[in-house]
2 protein chains.
Amino acid sequence: MKTADKHDKIIRAATKVFAKKGFFNARISDIAKEAKVADGTIYLYFNNKYDMLLSVFEEKIGRLVNLINSQLEQEDDPRRMLEIFITTHLREMKKNKNLAEVIQIELRQTNKMVKDYRNNKFSEYLNIISMIIKKGQAKGVFRRDVLPGLAKRAIFGAMDEIARIWNINIDSEYPIDETTNQVISIFLIGILQHPTTGKS
Amino acid sequence: MKTADKHDKIIRAATKVFAKKGFFNARISDIAKEAKVADGTIYLYFNNKYDMLLSVFEEKIGRLVNLINSQLEQEDDPRRMLEIFITTHLREMKKNKNLAEVIQIELRQTNKMVKDYRNNKFSEYLNIISMIIKKGQAKGVFRRDVLPGLAKRAIFGAMDEIARIWNINIDSEYPIDETTNQVISIFLIGILQHPTTGKS
DNA sequence: TTGACAAATGAACAGTCATTCATTCATATT
DNA sequence: AATATGAATGAATGACTGTTCATTTGTCAA
């Protein structure tokens, strides 16, 4: 087996174990066993436990960024772009619960360990949202007084909370399509009953 | 010192330490020291470490529920009620960062430890949002096709993510009033530029 | 076949901490 | 003053686990 393959194998195992047990309750030996590798082998590929979590996170978010970017490539309508972002994010979280879980873990458990939080894949990911919003504002389709840097947080936060619930499965669950449409419509037109709104 | 006082003192210390170090990195001896109490004393008031986190969480959320309910008491306009909820939540999170932190921790780290997630203060808290929405729908001020059970997640998630950022203080930060207004307007009227919307 | 190098192993180490409990202290009662 | 009761203490315990490294295994060129 090639070195690259083993690295990958460990990443996959780590994702699974972190997602299932959380970072602190995951043992290196759990991950090693899941990857069918000796405990020590892990340290040939990663510096330490936290380095693994970070690698898992960056790798997965990187894939997400690529996926979304490829989806958005053809599209030029900001409204449609936002719909695509929301749809894709929710679909991926639903499809890959471990990913959703690892995002949750990394985002809250390890802030305290790490200082530099700016230049990473995750910021890049969220900035896709704010770029869409800015574009929409420039085109006059989105309200100009919305702060893109705040809106990106609101939108991500909403989706992240919904994904969290999927992973606990409390709440009688709604179909993903319905959920997606709800989120899109809430952020586009709000919950207020508009006199003019006749759209479905 | 009375027994009740000591219980309280420990809760306060635990909140502080959990917020600062996270659940898993917080040592009982840290909390004991912060509370100016012997390690063993803690076990006279709590069963174990996790029991403390749960107590802290329930206690703090309980206060929030009371606060919000008292704020909402006088109000009957659903739109205004939602504004009050959002304003109060964000204000409290800003004021008490430890609280925000403990919510983050408890919500993601311990789901895995606990099974019953239904009947607790936190559900009660979120259900205030959905009750407001239902009321607004009954009165015809909120869109009828919005699912209250989903909207409450979206609204809470958005605010929680914003509070998370406050606690890391990345992002050039906006004043709290502006942030609050943004969140309110996003959820009420959305980000789409409406032809009819002339309101500030 | 041999030797050299790299990859992999997993037992052992070293440190950490939640929890316990024998003992001490504080207070109230007689 | 003597005793009883419960609260508080904190050192000791015991279990756990991230990381290391001496050793083994695999690979390939000469």
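Quantities reported herein were computed from a predicted structural model and do not represent experimental measurements. Here is how names work: the chains are called A, B, and so on, in the same order as the sequence lines, proteins then strands, and each is numbered from 1.
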Trainee: Rounded to the nearest angstrom, tell me the gap between atom CZ in F46(A) and atom P in dA7(C).
Mentor: 15 Å
Trainee: Side-chain N or O of K6(B) versus OP1/OP2 of dA8(D): is the shortest distance under 4.0 Å?
Mentor: yes
Trainee: Give the rounded distance in Å between these two atoms: OH of Y43(B) and P of dA7(D).
Mentor: 19 Å
Trainee: Could you check which of dT9(C), dT9(D), dA18(C) has an atom nearest any side-chain atom of A38(A)?
Mentor: dT9(C)
Trainee: How long is the line joining CG of L44(A) and P of dT20(D), in whole Å?
Mentor: 11 Å
Trainee: Taking atom C1' of dT19(C) as reference, at what distance in whole Å does atom CG of N48(B) sit?
Mentor: 10 Å
Trainee: How close or far is atom C1' of dA11(D) from atom CD1 of I28(B), stated in whole angstroms?
Mentor: 16 Å
Trainee: Find which nucleotide of DNA chain D each of T41(A) and R27(A) is nearest to by heavy atoms, and output the residue with the more 5' nucleotide.
Mentor: R27(A)
Trainee: Output the rounded distance in Å from CG (D5(A)) to P (dA7(C)).
Mentor: 14 Å
Trainee: Rounded to the nearest angstrom, tell me the gap between atom CG in D39(A) and atom C1' in dA11(C).
Mentor: 10 Å
Trainee: Answer yes if the ring centres of Y125(A) and F156(A) are under 6.0 angstrom apart, and no otherwise.
Mentor: no
Trainee: Is R79(A) salt-bridged to D77(A), going by a charged N under 4.0 Å from an acidic O?
Mentor: no
Trainee: Quick check: closest heavy atoms across K152(A) and L126(A), and the distance to 0.1 Å?
Mentor: CD-O, 3.7 Å
Trainee: Ignoring backbone atoms, establish whether Y45(A) has a side-chain N or O less than 4.0 Å from OP1 or OP2 of dA8(C).
Mentor: yes
Trainee: So, does Y50(B) get its side chain near the phosphate of dA18(C), meaning an N or O under 4.0 Å from OP1 or OP2?
Mentor: no
Trainee: Rounded to the nearest angstrom, tell me the gap between atom CD1 in I42(B) and atom P in dT9(D).
Mentor: 10 Å
Trainee: Quick one: do L44(B) and M52(B) end up in the same hydrophobic cluster if we chain Ile, Leu, Val, Met, Phe, Trp and Tyr together by side-chain heavy atoms under 4.5 Å apart?
Mentor: yes
